[in-house]
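Shown next, in structure tokens, is the structure this report addresses.
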Amino acid sequence: DMVAAGLLAENIVAFNNGVNHSRFTPEATLCTDSPDQETARPHVIFVGNLVQVKGIDHLLRAWPRVLDLRSSAGHPLPVLSLYGKGPERDRLLRLARELGIADSLSLAGSIPHEALPARMREAACLVLPSRSEGMPNVVLEALACGTPVVATDVGEIPFLIENGRNGFITSPKPDALAAAIGNTLRQDWNPDVVAATVRDFTWEAAAQTLLERIR
């Protein structure tokens with residue numbers, strides 16, 4: 001895109017964001033305050049700002065279909081937890097009530113960054129239904145924890161997710177998004193395999209690329 005816009009290719013260096021792999025790892029950790037540990041209900045999580053561009057309304061509209069798919073298959077109904085804050089919170093809560101899914105939704109608010117790995121490791125999957133993205137750190141962090149990701153086909157996400165290996169790419173349409181979440185909940189994922197897909201994404205490598213160019 002930059003070359004097409006007229007920039008010289010020799011002046012462009014592309015490199016990846018990184019992950020703190022000492023913090024975001026598949027190592028098993030339990031969250032002592034998880035509300036559904038004892039009921040074995042799978043957790044689906046969203047992590048990010050509650051803003052329009054993140055497409056959380058897509059996720060809420062898909063959620064009744066997710067519940068129907070799980071119920072018809074006789075599986076435990078999942079819980080959807082939204083970690084974050086922002087101007088869309090009240091509107092999302094109203095939408096959840098209109099859709100009849102408020103009982104299976106947790107608007108958990110923001111949590112400290114150091115608490116994220118435990119939340120990600122205990123989650124069945126992370127969903128990012130964004131309308132627009134760059135290379136979202138939250139996707140890299142979830143994958144580094146061994147947690148599969150369901151996300152829309154925007155930004156660099158298609159270069160991060162391999163369908164069936166570490167998650168699924170989907171459109172934001174409710175039926176498609178629900179099907180991708182349903183497929184993720186049915187599949188038996190190997191956390192080490194999922195984490196291996198982003199093993200080479202490190203801040204050290206990113207810093208080294210910048211340092212070489214500066215020199």
Side-chain angles (χ1 to χ4, degrees), residues 1 17-20 23-24 31 33-36 41-67 77-145 147-161 167-181 184-185:
D1 289 343
N17 283 353
V19 180
N20 181 349
R23 174 176 291 174
F24 294 92
C31 271
D33 61 347
S34 174
D36 283 279
R41 293 180 68 182
H43 260 72
V44 174
I45 65 172
F46 164 89
V47 179
N49 294 320
L50 306 185
V51 292
Q52 195 263 353
V53 72
K54 292 297 183 181
I56 310 165
D57 54 317
H58 295 319
L59 177 53
L60 296 190
R61 289 188 173 91
W63 197 247
R65 178 62 176 153
V66 174
L67 297 177
L77 297 182
V79 175
L80 175 60
S81 294
L82 307 182
Y83 291 108
K85 61 182 180 180
E88 290 282 287
R89 185 186 185 280
D90 290 344
R91 189 177 76 88
L92 293 170
L93 184 56
R94 287 195 301 270
L95 178 59
R97 289 169 178 160
E98 291 170 6
L99 294 169
I101 59 171
D103 289 346
S104 65
L105 174 68
S106 170
L107 287 168
S110 295
I111 60 172
H113 192 252
E114 58 269 20
L116 271 182
R119 293 293 192 272
M120 288 177 170
R121 280 190 288 263
E122 71 178 5
C125 70
L126 177 136
V127 181
L128 189 65
S130 297
R131 293 177 167 87
S132 178
E133 282 289 349
M135 179 176 283
N137 284 346
V138 69
V139 169
L140 295 175
E141 291 166 350
L143 295 176
C145 286
T147 302
V149 173
V150 174
T152 41
D153 186 8
V154 294
E156 303 300 304
I157 289 174
F159 300 97
L160 302 175
I161 297 178
F168 290 98
I169 297 290
T170 180
S171 87
K173 294 181 179 179
D175 283 349
L177 185 53
I181 296 171
T184 305
L185 294 178

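Residue numbers start at 1 and run along the sequence shown. Worth saying up front: this structure is predicted, and the values here are computed from it rather than measured.
- Checked against side chain to side chain donor-acceptor pair (under 3.5 Å), D175 has no partners two or more places apart in sequence or in another chain.
- Taking SG of C145 as the reference point, atom CD of E122 lies at 11.0 Å (rounded to 0.5 Å).
- Pairing each heavy atom of V150 with each of T184, the nearest pair is CG2-OG1, 3.1 Å.
- Residues I181 and L59 approach most closely at CD1-CD1, 3.7 Å, considering heavy atoms.
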Run the side-chain donor-acceptor check on residues 132-139: report pairs under 3.5 Å with partners two or more places apart or on a different chain.
| from | atom 1 | to | atom 2 | distance (Å) |
| --- | --- | --- | --- | --- |
| E133 | OE2 | K54 | NZ | 2.7 |
| E133 | OE2 | S130 | OG | 2.7 |
| N137 | OD1 | N17 | ND2 | 3.2 |

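- Residues A180 and T170 approach most closely at CB-CB, 3.9 Å, considering heavy atoms.
- Taking both residues in full, the closest heavy atoms of I157 and A151 are given as CG2-CB, 3.7 Å, listed atom of the first, atom of the second, then distance.
- Using a 4.5 Å heavy-atom cutoff, the side chains of D57 and R131 are in contact.
- Note: L95 CG to I56 CD1 = 11.0 Å, rounded to the nearest 0.5 Å.
- Considering CG of L92 and CD of Q52, their distance stands at 10.5 Å, rounded to 0.5 Å.
- Annotation: side chain of L126 is not in contact with side chain of F46 (no heavy-atom distance under 4.5 Å).
- Partners of R65 under the salt bridge (charged side-chain N to carboxylate O under 4.0 Å, His left out) rule, at least two apart in sequence or in another chain, do not exist in this structure.
- Scanning for side chain to side chain donor-acceptor pair (under 3.5 Å) contacts around R91 gives E88, with sequence neighbours left out.
- Applying the ring-ring contact (aromatic ring centres under 6.0 Å, His included) criterion to F24, with sequence neighbours excluded, gives H113.
- The two residues M120 and T147 have their closest heavy-atom pair at O-OG1, 2.5 Å.
- Here the CZ atom belonging to F159 is positioned 10.5 Å from the CD1 atom belonging to I169, to the nearest 0.5 angstrom.
- Looking at heavy atoms from C-beta onward, P172 lies out of side-chain contact with P129 at the 4.5 angstrom threshold.
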Name each donor-acceptor pair under 3.5 Å that joins a side chain in residues 103-111 to protein atoms two or more places apart or in another chain, with its distance.
| from | atom 1 | to | atom 2 | distance (Å) |
| --- | --- | --- | --- | --- |
| S104 | OG | W63 | NE1 | 2.9 |
| S104 | OG | I101 | O | 3.2 |

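- Residues meeting the salt bridge (charged side-chain N to carboxylate O under 4.0 Å, His left out) test with R97, sequence neighbours left out: none.
- In this structure, L177 CG and T152 OG1 are separated by 8.0 Å, a value rounded to the nearest 0.5 Å.
- Nearest heavy atom pair, residue P78 against residue V44, reads CB-CG2, 4.4 Å.
- Not counting sequence neighbours, the partners of P87 by the side-chain contact (heavy atoms from CB on, under 4.5 Å) test are V51.
- Not counting sequence neighbours, the partners of A124 by the side-chain contact (heavy atoms from CB on, under 4.5 Å) test are P42, L185.
- For the pair R94 and D90, the salt-bridge criterion is not met [side-chain N within less than 4.0 Å of a carboxylate O].
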